[in-house]
There are 2 protein chains.
Amino acid sequence: MSTRLRPSNHPGRNRPDAGSALAQRFRTWQAAAFDMTLCPVRDVLDRVGDKWTTLMLIALTTGPMRFGALNRAVPDISKRMLTQSLRVLERDGMISRQVFPTKPPSVEYRLTPLGQSILEPLIQLVTWAEVRHADIRTARERFDAAAKADAA
Amino acid sequence: MSTRLRPSNHPGRNRPDAGSALAQRFRTWQAAAFDMTLCPVRDVLDRVGDKWTTLMLIALTTGPMRFGALNRAVPDISKRMLTQSLRVLERDGMISRQVFPTKPPSVEYRLTPLGQSILEPLIQLVTWAEVRHADIRTARERFDAAAKADAA
DNA sequence: CAGCATCCGTGCGGATACTG
DNA sequence: CAGTATCCGCACGGATGCTG
């Protein structure tokens, strides 16, 4: 699903850009990273965005956990989705699965180095979320109020 | 949908934790941030995870864009989803909408300071994605190969 | 040009029951 | 305990057609 940004449309009449270093970085991106046939952005964002995987990674930061423990640590997740999400994370190399041949059997999941490494950028994002959450909520109230005013 | 992590189950027999500073931060989280009735994590992750909003924010880093330009900059997005995503982002205060009363009308979208501010953590995540993408892909091949082996 | 309205297929994910 | 199997609703999102 080629979800890449086009390098630069409007060849001759480029708008004066924001000028920030950030915009600059993103512009190089548009020419480089997004040209890949299967861009890593969508790839990782699909994981981060899905309903459970991020919560599970966070839960596993406290140490290895058994299936049942994870099920309790992430409330409201069904066994079905837990299993499914665990498989995805295992497949991506984010967590490892270790089976103990006891009876009844027990299975322990733990973060791999790769799984650990994503927590760093992830925590940045969540920190942002914490800090800016109030702003977002007030923005929404504003918007909704304005929308209601327009309706009247 | 109370998507918060439980503070700490298994009171008496806590596993020896990974010991990293990161795990420590996350543990304080579990007690604090996730106790909120509507946790900001899920809130922001829902946005980041959805199919288009992140791409749109990235596209807007190069400067203000018209509806049509955005539609071209983010290939494969339909007008329907573009409109819908723009509304969500506007509602959250991430972008602002400016209508020019020309005919035919033109509308320009631009990042707000709030919208700018999320790019910093976002770029961290995507940088991670770029760096680790190869690892993930090889992990997947491994896993799939092993799965096929088990099937046989 | 910028968008809303409508129809519709697909897949995510919940609930339930069963197994080694 | 740690899953698998099956059914199913519903929201996400694509395609198309119509407006100011």
Side-chain angles (χ1 to χ4, degrees), chain A residues 1-3 9-10 13 15 42 45-56 59-60 64-91 95-110 143 147 150-151, chain B residues 1-3 9-10 13 15 42 45-56 59-60 64-91 95-110 143 147 150-151:
Chain A
M1 178 199 297
S2 78
T3 46
N9 30 8
H10 304 307
R13 47 194 284 276
R15 242 169 261 285
R42 162 82 38 231
L45 251 40
D46 281 349
R47 296 284 171 275
V48 172
D50 105 350
K51 204 172 180 183
W52 303 113
T53 55
T54 304
L55 275 318
M56 288 167 51
L60 285 173
M65 287 180 94
R66 305 244 320 256
F67 185 91
L70 268 170
N71 204 93
R72 284 184 297 274
V74 183
D76 305 344
I77 192 175
S78 62
K79 284 196 296 180
R80 173 164 151 46
M81 290 320 294
L82 182 56
T83 302
Q84 191 170 321
S85 304
L86 284 169
R87 289 295 166 280
V88 169
L89 287 174
E90 189 192 358
R91 190 175 106 98
I95 63 175
S96 64
R97 192 181 105 111
Q98 186 175 11
V99 185
F100 297 96
T102 58
K103 43 181 170 163
S106 75
V107 180
E108 220 173 54
Y109 295 91
R110 73 186 61 220
F143 185 91
D150 281 356
Chain B
M1 178 200 297
S2 78
T3 45
N9 28 11
H10 303 307
R13 46 194 285 275
R15 239 169 263 284
R42 162 79 41 227
L45 251 40
D46 280 348
R47 295 285 171 275
V48 172
D50 105 351
K51 204 172 179 182
W52 303 112
T53 56
T54 304
L55 275 318
M56 288 167 52
L60 285 173
M65 286 180 94
R66 305 247 318 259
F67 185 92
L70 268 169
N71 203 70
R72 284 185 297 275
V74 184
D76 305 344
I77 191 175
S78 62
K79 284 195 297 180
R80 172 163 150 52
M81 290 320 293
L82 182 56
T83 303
Q84 190 171 320
S85 304
L86 284 169
R87 288 296 165 282
V88 168
L89 288 174
E90 189 192 357
R91 191 175 105 98
I95 63 175
S96 64
R97 193 181 104 112
Q98 186 175 10
V99 184
F100 297 96
T102 58
K103 44 182 171 160
S106 75
V107 181
E108 220 174 55
Y109 295 91
R110 75 186 62 221
F143 184 91
D150 282 356

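Keep in mind that what you see is a predicted model, and the values were worked out from it rather than measured. Sequence lines set the chain letters: A, B, ... in the order given, protein chains first and strands last, and positions in each chain run from 1. Note that these values count all heavy atoms, side chains included, but never hydrogens, waters or copies made by symmetry.
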Q: Could you check which of D/dC1, C/dA2, C/dG3 has an atom nearest any side-chain atom of A/Arg66?
A: D/dC1
**Q.** Nearest-angstrom distance from the residue atom CG of A/Asp46 to P of C/dC12
**A.** 10 Å
(Q) Does B/Phe100 reach a base, just sugar-phosphate, or nothing at all? Heavy atoms under 4.0 Å. (A) nothing
Q | Distance in angstrom units between B/Lys79 NZ and D/dT16 P, rounded | A | 12 Å
Q.
Quick check on C/dG14: is either OP1 or OP2 less than 4.0 Å from any side-chain nitrogen or oxygen of A/Ser78?
A. yes
**Q.** Between C/dT16 (C1') and A/Arg80 (CZ): distance, integer Å
**A.** 12 Å
Q: Please state how far atom CG in B/Asp50 lies from atom C1' in D/dA11, giving the value in whole angstrom units.
A: 13 Å
Q: Locate the shortest heavy-atom distance separating B/Met56 from B/Ser85; write the atom from each residue and the value.
A: SD-CB, 3.4 Å
Q) Nearest-Å distance, CH2 (B/Trp52) to P (D/dC12)? A) 15 Å
Q: For A/Val48 and A/Thr53, work out which heavy atoms get closest and say how close.
A: N-OG1, 4.5 Å
(Q) Distance check needed: C/dC12 C1' versus A/Lys51 NZ, whole Å only. (A) 9 Å
Q: Take atom CD of A/Gln84 and atom P of C/dG14, then tell me their distance rounded to the nearest Å.
A: 10 Å
**Q.** Euclidean distance, atom CZ of residue A/Arg72 to atom P of D/dC1 [Å, nearest integer]
**A.** 7 Å
Q. Looking only at heavy atoms, what is the nearest atom pair of A/Arg47 and A/Val88, with distance?
A. NE-CG1, 3.3 Å
(Q) Both B/Tyr109 and A/Met81 contact DNA chain C. Taking the nearest nucleotide for each, which residue is further toward the 5' end? (A) B/Tyr109
Q. What's the closest nucleotide to the A/Arg97 side chain, out of D/dT4, D/dA2, C/dA2?
A. D/dA2
Q) To the nearest 0.5 Å, what is the distance between CG (A/Leu55) and CG (B/Leu45)? A) 8.0 Å
